[in-house]
Amino acid sequence: MKYGFPSWVSPNDRKLFQAAVNEMKFDLVVAKDGSGNFTTIGATVVAAPNSSTTRQCRFAIHIKAGAYFENVEVIKKKINLIWVGDGIGKTVVKASRNVVDGWTTFKSATVGVFHSNLSSH
């Protein structure tokens with residue numbers, strides 16, 4: 001651990017993760033009230049470029065305060081995404097898939113990342 005982060009987190013990523021929301025520059029914004037680029041998190045995933053190599057190897061998405069009721073699936077080609085919310089209790093992502101209703105445990109995740117090689121930059 002270095003500065004509270006695992007050793008595989010790069011210095012650039014540490015700075016990005018420690019920045020205040022108002023200090024960050026975002027590539028896309030999700031807002032329930034329509035003030036952003038999209039109103040759903042899933043739409044930002046679709047809009048994000050495949051194999052992103054933008055700013056410090058991360059494609060930054062701001063999820064503004066609100067309750068987002070959706071299952072989000074991130075496919076293999078959508079790499080280097082970072083989502084930043086407005087804080088605990090302000091930005092909430094939830095869903096209701098479950099095994100009883102016929103979903104597998106894996107497909108019932110609120111956020112599912114489908115990737116075979118999660119590498120750091």
Side-chain angles (χ1 to χ4, degrees):
M1 291 286 234
K2 188 171 185 177
Y3 307 107
F5 290 94
S7 60
W8 53 264
V9 175
S10 73
N12 283 340
D13 281 346
R14 255 196 329 272
K15 288 177 192 172
L16 182 63
F17 298 152
Q18 292 173 320
V21 173
N22 62 355
E23 296 173 351
M24 295 184 71
K25 291 183 181 178
F26 294 99
D27 298 296
L28 292 175
V29 176
V30 183
K32 293 292 289 185
D33 65 7
S35 64
N37 304 99
F38 297 96
T39 57
T40 67
I41 300 165
T44 64
V45 174
V46 172
N50 293 335
S51 305
S52 175
T53 58
T54 60
R55 180 184 59 256
Q56 299 176 351
C57 294
R58 302 289 175 222
F59 188 86
I61 299 170
H62 180 200
I63 306 173
K64 287 188 172 183
Y68 298 85
F69 190 78
E70 59 183 298
N71 291 85
V72 181
E73 294 183 5
V74 182
I75 63 171
K76 282 173 93 170
K77 292 180 182 181
K78 304 296 180 173
I79 63 170
N80 298 321
L81 299 181
I82 180 173
W83 293 325
V84 178
D86 281 337
I88 294 174
K90 294 180 182 177
T91 301
V92 179
V93 183
K94 56 187 177 177
S96 65
R97 289 182 184 166
N98 60 69
V99 175
V100 173
D101 290 336
W103 296 97
T104 64
T105 301
F106 182 75
K107 289 293 248 177
S108 67
T110 301
V111 176
V113 179
F114 302 89
H115 206 288
S116 60
N117 181 16
L118 297 173
S119 62
S120 62
H121 289 268

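These values consider heavy atoms only, across backbone and side chains, with no hydrogens, waters or symmetry-generated copies.
Applying the side-chain hydrogen bond (donor to acceptor under 3.5 Å, both in side chains) test to pairs two or more places apart or on separate chains, those with a residue in residues 81-96 are H62-D86. Evaluation of the ring-ring contact (aromatic ring centres under 6.0 Å, His included) test over residues 92-111, restricted to residues two or more places apart or in two chains, returns F106-F114.
Shown here are the salt bridge (Lys or Arg N to Asp or Glu O under 4.0 Å) partners of E73, two or more places apart in sequence or in another chain: R97, K107. Residues satisfying the side-chain hydrogen bond (donor to acceptor under 3.5 Å, both in side chains) criterion with T105, sequence neighbours excluded, are absent altogether. Every residue was checked against the side-chain hydrogen bond (donor to acceptor under 3.5 Å, both in side chains) condition with N22, not counting sequence neighbours, and none meets it. Legend: residues meeting side-chain hydrogen bond (donor to acceptor under 3.5 Å, both in side chains) with N37, ordered by chain and number and at least two apart, are absent.
A donor-acceptor pair is defined here as one N or O able to donate and one able to accept, closer than 3.5 Å; such a pair exists between the side chain of D27 and the backbone of A60. Between the E70 side chain and the G42 main chain, a donor and an acceptor come within less than 3.5 Å of each other. Not a single donor-acceptor pair under 3.5 Å links the side chain of N98 to the backbone N or O of S108. Remark: the backbone N or O of A65 is not paired with any side-chain donor or acceptor of K32 at under 3.5 angstrom. A donor-acceptor pair is defined here as one N or O able to donate and one able to accept, closer than 3.5 Å; such a pair exists between the side chain of K78 and the backbone of A48.
Separating the CD1 atom in I63 from the CG atom in L28 is a distance of 11.0 Å, to the nearest 0.5 Å. The CZ atom of F26 sits 14.5 Å away from the CZ atom of R58 when rounded to the nearest 0.5 Å. S10 OG to K15 NZ: the interatomic distance, rounded to the nearest 0.5 Å, is 9.5 Å. Once rounded to the nearest 0.5 Å, the distance linking CG of N71 with OG1 of T110 reads 6.0 Å.
No continuous path of ILVMFWY side-chain contacts below 4.5 Å connects V92 to V21, so the two sit in separate hydrophobic clusters. Both I82 and W8 sit in one connected hydrophobic cluster of ILVMFWY residues. Membership requires side-chain heavy atoms under 4.5 Å apart, directly or through other members. Under the 4.5 Å side-chain heavy-atom criterion for grouping Ile, Leu, Val, Met, Phe, Trp and Tyr, V113 is connected to V93 within one hydrophobic cluster.
In plain terms, the two heavy atoms of I41 and V30 that are nearest each other are N-CG1, 3.9 Å. When every heavy atom of Y68 is checked against every heavy atom of A31, the shortest pair comes out as OH-CA, 3.6 Å.
Using a 3.5 Å distance cut-off with no hydrogens or angles, the side chains of D33 and S35 do pair a donor with an acceptor.
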